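Written below as structure tokens is the structure these notes are about.
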Amino acid sequence: MDKRQEAAVRPPSGSASLNPPPDATAPVRHPDAPAPGELLGSHYEHCFGCGGLQPHGLHLEARAREGVRVTAEFTVRPAHQGAPGLAHGGVLATALDETLGSLNWLLRVIAVTGRLETDFVRPVPVDSVLHLDAEVNAVAGRKIYCSAVGRIGSPEGPVAVRASALFIEVKVDHFIDNGRSEEIQAVMADPDQVRRTRAFEVNP
């Protein structure tokens, strides 16, 4: 393996703000987290990343794995292209962000993206399936440090994108106070308590 190939499989080092502090601890999977192999499903049907009601959304599907790790798949459609026949870089960053945000299901915390750094290693063609693998690396207070990698075609395929991220744990008031009132009221009026709760549980 040459140096370029080695660099392609290493997780990004990230800026100093993405490096856990010395007092950070190893992540602990919550006892009520979804079981390994379980499909997480959409947290909110209108979410651009995972929602089924978004016609041009990513429709990304994440699955719980062992430890504090998830995998996901995303098929690049023509609506997701930037250059002709290739996925838009912002869409790929969204797929990484959505996958990283799904990790919060395993910690059972409400958290939002504080910082996301993405490395674009190779172009991703339209109709490709991007296989994403994300894990929490460390936790320090309200800060959650995590990383992800996306491969083309299969979980062992060539690396296309990588990311390091910092998520910040928040209270549900973060969404109620800052979201557009129409959507907030619609969610709060939903008689399905589980659906109402899930809408606020994960929001990358």
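Not measured: the values here are computed from a predicted model. Every heavy atom of this structure was used, including side-chain atoms; hydrogens, water molecules and symmetry mates were not.
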Flag side-chain contact, heavy atom, 4.5 Å: [X] against [Y]:
X	Y	answer
Val170	Arg142	yes
Glu98	Phe74	no
Arg65	Val70	no
Phe167	Val139	no
Gln81	Leu86	no
Leu132	Glu73	no
Leu40	Pro34	yes

Hey, is the main chain of [Y] close enough, under 3.5 Å, to the side chain of [X] for a donor-acceptor pair?
X	Y	answer
Arg162	Asp119	no
Asn137	Ser147	yes
Arg69	Glu135	no
Arg29	Val68	no
His80	Gly57	yes
Arg108	Asp32	yes

Distance check, rounded to the nearest 0.5 Å: Ile144 atom CD1 versus Leu166 atom CG?
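The CD1 atom of Ile144 sits 8.5 Å away from the CG atom of Leu166.
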Spacing of CG belonging to Leu106 relative to CD belonging to Glu66, to within rounding of 0.5 Å:
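So the gap between those two atoms works out to 10.5 Å.
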Can Thr118 and Leu92 be said to form a side-chain contact (heavy atoms from CB on, under 4.5 Å), step by step?
CA-CA 9 Å; Thr118 306; Leu92 297 176; over 6 Å; no
